[in-house]
Amino acid sequence: MDYLSTRGGGERLSFRTTILAGLARDGGLLLPAEIPDVRGRLAEWASLGYADLAFEIIRLYADDLDAATLRSLIRRSYAAFRHPEVTPVVQIGDLHMLELFHGPTLAFKDLALQVLGNLFEEVLGDGGRELNIVAATSGDTGSAAIQGIRGRRRMRIFVLHPHGRISPVQALQMTSVLDGNVHNLALDGTFDDCQTIVKSLLGDLPFRDRHSLGVINSINWARVVAQIVYYFYAAFRVMERTGSSSVRFSVPTGNFGDIFAGYMAWRMGLPIDRLILATNENDILARCFASGVYRVGEVAATLSPSMDIQVASNFERYLYYRAEGDAALVRGWMETFRRTSALALTANQAPLDDPVMVAGSGDTASTLATIREIWVRHHYLLDPHTAVGVHVARQRSDRSVPTICLATAHPAKFGEAIRQATGDDLAHHPLLDELADRPTRCTQLPASRGAVAAYLETALNRH
Ligand SMILES: *Cc1c(COP(=O)(O)O)cnc(C)c1O
């Protein structure tokens with residue numbers, strides 16, 4: 001399988017090169033040259049366990065890796081999950097909750113990042129190659145990425161988070177990891193500032209080559225591929241349970257990575273009737289689906305910080321498909337967006353008339369009300385991100401098709417929101433409770449590219 005840039009730069013990369021590069025050299029995102037049609041394999045896949053299903057799906061996109069190596073790498077990646085099904089689907093009233101929080105950092109990011117750490121190690125091989133990962137996090141990516149990379153030889157990771165804008169537990173999950181190859185940087189700015197700095201460092205090709213920089217954010221294709229798997233897994237469970245021949249998914253969305261994986265599953269032929277994109281008050285994507293105009297607003301801090309994002313990196317991949325693969329059109333759009341912070345999508349390509357994707361948003365009041373109501377009625381705790389998804393799913397429900405809501409984090413990661421919603425300190429997890437007294441390490445920096453670049457150069461000279 002070859003990979004191409006959304007901006008048409010002319011490179012054709014293998015899977016190995018794609019995951020090491022992260023971003024195309026023309027600044028675009030990498031996509032497979034074609035999407036496999038798997039409709040003929042659904043019946044056979046429906047009975048597979050999680051790791052075996054992951055192998056079948058990932059190998060379609062990673063055909064330059066040895067199959068036996070890939071299978072064992074995937075098995076190892078999911079062995080650390082605390083549920084035998086990896087991503088169980090539990091029924092709560094008329095909703096099906098896809099629990100994606102049984103990994104080491106209790107958020108869905110683990111599903112991809114455990115695999116990606118192992119993939120990097122495999123692809124770097126025994127040669128002298130090194131990889132220095134630079135990542136921006138709005139909270140959950142950072143800790144999951146650190147758990148995927150900590151302690152590995154020939155890899156270092158630098159994680160930028162917005163100082164004071166992630167939950168205390170999220171901060172502790174990152175800064176309490178003291179491995180020498182892990183660097184936590186707290187920037188005085190927003191997540192979008194962090195992401196802009198990362199993109200700018202990676203866009204500086206001489207800098208990127210000199211320091212062997214790599215990408216672990218959801219712009220890395222391997223993240224998307226690994227996330228496709230649970231859409232299949234959950235659809236199989238729920239179609240079997242309900243007898244329905246299709247399902248819809250509700251996806252709490254920030255950077256558009258998770259829902260884009262669902263979109264790929266749909267394009268591969270999984271019978272998805274709707275993908276419901278749910279945002280919090282940072283609703284650039286919901287507004288775009290309503291109006292056809294993609295326009296940046298101010299970032300607001302909310303109860304669901306991992307969705308406090310205005311510029312969604314993966315949206316460019318979606319735009320590429322909406323432009324029917326016209327890379328010149330995408331390049332023009334992204335250039336307009338860079339210059340004006342807004343993009344009006346022309347009528348026939350406007351996301352308005354998307355056959356599968358619909359969007360909506362929830363605010364703080366509806367998030368708290370949803371958490372409270374599901375707790376009172378079902379004794380089930382939703383984390384605030386998941387609650388936004390459940391809220392929007394209900395606006396979009398259709399009795400004839402079962403709805404699967406992605407439960408993207410364990411509620412204990414956001415204990416303060418649970419307290420606000422229920423009046424009680426109900427959400428705990430032993431993994432998080434034991435972090436409280438751990439020693440931490442973190443460096444605070446101004447939100448400037450220069451400061452981060454200087455830190456990186458100094459640190460890499462020391463390694
Ligand atoms: C990252 C994250 C999201 C948003 O996912 P995207 O892929 O960025 O759209 C939602 N919920 C939680 C808990 C997250 O960690």
Side-chain angles (χ1 to χ4, degrees), residues 29 87 97-113 116 135-147 159 161-162 165-167 169-170 173-174 191-192 194-195 216-228 230-231 249-264 275-280 282-286 299 302-318 357 359 361-362 367 371 381-392 405-415 417-418 427 432:
L29 302 191
T87 63
M97 303 302 302
L98 169 55
E99 294 186 343
L100 300 173
F101 51 69
H102 295 285
T105 71
L106 312 180
F108 85 87
K109 311 283 198 302
D110 289 325
L111 271 302
L113 286 165
L116 187 52
T137 186
S138 54
D140 293 327
T141 300
S143 54
I146 287 169
Q147 288 300 336
V159 177
H161 71 264
R165 287 177 187 248
I166 62 176
S167 82
V169 165
Q170 286 179 315
Q173 281 187 295
M174 296 195 285
F191 168 71
D192 285 322
C194 297
Q195 185 157 263
I216 209 164
N217 281 109
S218 56
I219 53 180
N220 193 310
W221 174 250
R223 291 269 307 266
V224 175
V225 170
Q227 291 175 188
I228 293 172
Y230 49 73
Y231 286 89
F249 286 95
S250 177
V251 188
T253 295
N255 231 340
F256 203 82
D258 203 1
I259 196 158
F260 182 73
Y263 186 70
M264 291 299 292
L275 283 165
I276 303 167
L277 183 160
T279 70
N280 63 24
N282 297 291
D283 59 352
I284 176 174
L285 289 166
V299 182
T302 73
L303 292 175
S304 40
S306 297
M307 294 152 68
D308 290 349
I309 292 172
Q310 288 282 340
V311 182
S313 298
N314 273 288
F315 198 50
E316 182 170 342
R317 286 191 163 117
Y318 171 75
M357 211 171 299
S361 63
T367 304
I371 296 173
L381 280 176
L382 303 176
D383 100 279
H385 304 76
T386 306
V388 172
V390 168
H391 171 72
V392 177
C405 290
L406 273 61
T408 50
H410 191 283
K413 288 193 90 163
F414 303 95
I418 304 299
L432 301 181

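For ligands, and for the atoms within them, numbers begin at 1 and follow the listed sequence. For this chain, numbers begin at 1 and follow the sequence in order.
Partners of E316 according to the salt bridge (charged side-chain N to carboxylate O under 4.0 Å, His left out) rule, which considers only residues two or more places apart in sequence or in another chain, are R7. When the salt bridge (charged side-chain N to carboxylate O under 4.0 Å, His left out) test is applied to D283, the partners found at least two apart in sequence or on another chain are R287. Scanning for salt bridge (charged side-chain N to carboxylate O under 4.0 Å, His left out) contacts around D110 gives an empty result, with sequence neighbours left out.
Near ligand 1, heavy-atom contacts under 4.0 Å come from F108, K109, D140, P252, T253, G254, N255, F256, G257, D258, S306, M307, H385, T408, A409.
A donor-acceptor pair is defined here as one N or O able to donate and one able to accept, closer than 3.5 Å; no such pair exists between the side chain of S250 and the backbone of V390.
Taking the six-membered ring where the residue is Trp, F315 and Y318 present parallel rings, their angle staying beneath 30° rather than reaching 60°.
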### Task
Start with the C-alpha gap between Q195 and N217, add the side-chain angles, then the distance that decides, and say whether side chain to side chain donor-acceptor pair (under 3.5 Å) holds.
CA-CA 9 Å; Q195 185 157 263; N217 281 109; 5.0 Å; no
